[in-house]
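Values in this document were obtained by computation on a predicted structure and should not be read as measured data. All values below come from the heavy atoms of this structure, side chains included, with hydrogens, waters and symmetry mates left out. So you know, we letter chains A, B, ... as the sequences are listed, proteins then strands, and number each from 1.
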2 protein chains.
Amino acid sequence: MARPSRYGASDLLDAAVRLAAEGGPAAVTMAAVAKSVGAPSGSVYHRFADRPALLSELWLRTLDNFQSGFLSALESTAPRTAAMDAARHTVCWARDHPAEARVLRYNPRDFEQARWPQEAGRALQAANTRVYGAVHTLAHRLGATGQVDVERVVVAVIDVPYALVQRHLQEGSPVPSHVLETVAQCTAALLPGGGEPPS
Amino acid sequence: MARPSRYGASDLLDAAVRLAAEGGPAAVTMAAVAKSVGAPSGSVYHRFADRPALLSELWLRTLDNFQSGFLSALESTAPRTAAMDAARHTVCWARDHPAEARVLRYNPRDFEQARWPQEAGRALQAANTRVYGAVHTLAHRLGATGQVDVERVVVAVIDVPYALVQRHLQEGSPVPSHVLETVAQCTAALLPGGGEPPS
DNA sequence: CAGGTTTTAGAGGTATCTCTCTAAATACAC
DNA sequence: GTGTATTTAGAGAGATACCTCTAAAACCTG
């Protein structure tokens, strides 16, 4: 049918992830991505309509790579193990995919969300509501009743592992293994019913 | 002695904070700062040797504005109230200074730390070790013994309030008042000795 | 091998940003 | 008032980024 592609979309996105992890969103220029894989800039524009389109795919692909494992961890039948598994998944995924995890440290806004194609904006919203919905129902399965209880589950399952992991990643160092235990303790302590007393 | 200055350093930094809060570090260009206060670009270069110098002062001033209150909250004699006050301070400060708080969401690296003047780099390191040292001694005063216990206090006093506040700020919405209570509960639950059981 | 489609390849226009440099304006000291 | 140090004011050079556009190359189908 046609000439085979030498620089595929996923190759370019891989390069973009590396650049973003090292130099932040500003480092993801079309020229830098092209240079990073040895392609001329025209090849990048052949795959992505413009820079916002590339950035949106970069963000959405990375987010989905993380969320898919997170969501399947939440599907465990026992709600408490679901919560613990999800929290641990965040740590393990970040440990195993440091560059991608460093991308998620930022915000869609930092990746020019305002200029994304409409479809990308909707996809992002869908992904976010899907995760928040899953955590919400988890909170109810855990017996959370009020607004504050639900918030507390969100902190336990999302914010604490995320914060602990990012603190290490942002220094460029890998995620130490003891973080897994710290997160497990903190999450357990914050879930309804509490954890073993701290000391 | 001389002509009075029309665009002071702090005016320019104020504008830079606004720009960074709205558009991220990339939006803080010398031209944008100048335009934001109605000055020609030359006036900005008269105050700051170059862009890294401006960014370093932007970061250090903002960090110090936050840390001074945080550190004085930690000085309370009763260690548990010190921890709770420090956690609450983070929430209140972010609520009252949303633009500055949104700046602190980023990393010195995002503000070109690699090109900062030496002196600024040292000041940053000093500020960080000062805070981590204070939290470290707080952890000991709270009876923390092992590595994991200390980490847990850091999570309770720093990471949890920071994460909860940033989750709201990054959507552009102000910090809701109920966050103060959520943070207080989570921090209490994570401190040695625990909090009231969740439910 | 011929036709058609996709992709590479990169030159170049336009815009923007950083930073330098000169000249003029200002206000205080004497 | 005069001198002087500081600041404003902005033009312009050099670099870089985004994006467009044209031409050629490569491969599959028939």
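The CG-P distance, from Leu54(B) to dC17(C), rounds to 14 Å in whole Å. Going from atom CD of Glu112(B) over to atom P of dC17(C) covers 14 Å, rounded to whole Å. Rounding to whole angstrom units, CZ of residue Phe48(B) and P of dT20(C) are separated by 16 Å. dG10(C) atom P lies 16 Å from atom NE2 of His46(A), rounded to whole Å. Atom CG of Leu19(B) and atom P of dC17(C) are 11 Å apart (whole Å). In this entry the distance linking OH of Tyr7(B) with P of dT26(C) reads 12 Å, nearest Å.
Minimum atom distance to the side chain of Pro40(B) is reached by dG10(D), of the listed dG10(D), dT8(C), dC27(D).
The list of salt bridge (charged side-chain N to carboxylate O under 4.0 Å, His left out) pairs with a residue in residues 39-53 of chain B, not counting sequence neighbours, reads Arg51(B)-Glu112(B). Counting only residues at least two apart or in different chains, ring pair (Phe, Tyr, Trp, His ring centres under 6.0 Å) contacts with residues 10-35 of chain A are absent. The salt bridge (charged side-chain N to carboxylate O under 4.0 Å, His left out) analysis of residues 5-28 of chain B, with sequence neighbours excluded, yields the pairs Asp14(B)-Arg61(B).
Taking the salt bridge (charged side-chain N to carboxylate O under 4.0 Å, His left out) definition, one finds that Asp64(B) meets it with Arg130(B), sequence neighbours left out. Considering only residues two or more places apart in sequence or on other chains, Glu100(B) meets the salt bridge (charged side-chain N to carboxylate O under 4.0 Å, His left out) condition with none of them. Listed by chain and residue number, Arg105(B), Tyr162(B), Leu169(B) satisfy the side chain to side chain contact (heavy atoms under 4.5 Å, CB included) test with Gln166(B) (two or more places apart in sequence, or in another chain). Checked against side chain to side chain contact (heavy atoms under 4.5 Å, CB included), Ala163(B) has the following partners two or more places apart in sequence or in another chain: Asp159(A), Ala163(A).
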**Prompt:** Passes side-chain contact (heavy atoms from CB on, under 4.5 Å), His178(B) versus Val148(A)? Steps please.
**Reply:** CA-CA 8 Å; His178(B) 69 77; Val148(A) 178; 5.7 Å; no

Sort me out a list of protein N/O and nucleotides 17-21 of chain D N/O pairs below 3.5 Å, or just none if empty.
residue, atom, partner, partner atom, Å
dC18(D), OP1, Arg51(A), NE, 3.1
dC18(D), OP2, Met30(A), N, 3.0
dC19(D), OP2, Tyr45(A), OH, 3.4
dC19(D), OP2, Arg51(A), N, 3.0

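Within residues 9-18 of chain A, no residue is approached by DNA chain C to less than 4.0 Å at the level of any non-hydrogen atom.
Summarising the local packing, CD of Glu171(A) is surrounded by more than 12 heavy atoms from other residues, nucleotides or ligands at distances under 6.0 Å.
Note on Arg6(A): every side-chain N or O is 4.0 Å or more away from OP1 and OP2 of dT6(C). In this model, the phosphate group of dT8(C) is approached by a side-chain N or O of Ser43(A) to a distance below 4.0 Å at OP1 or OP2.
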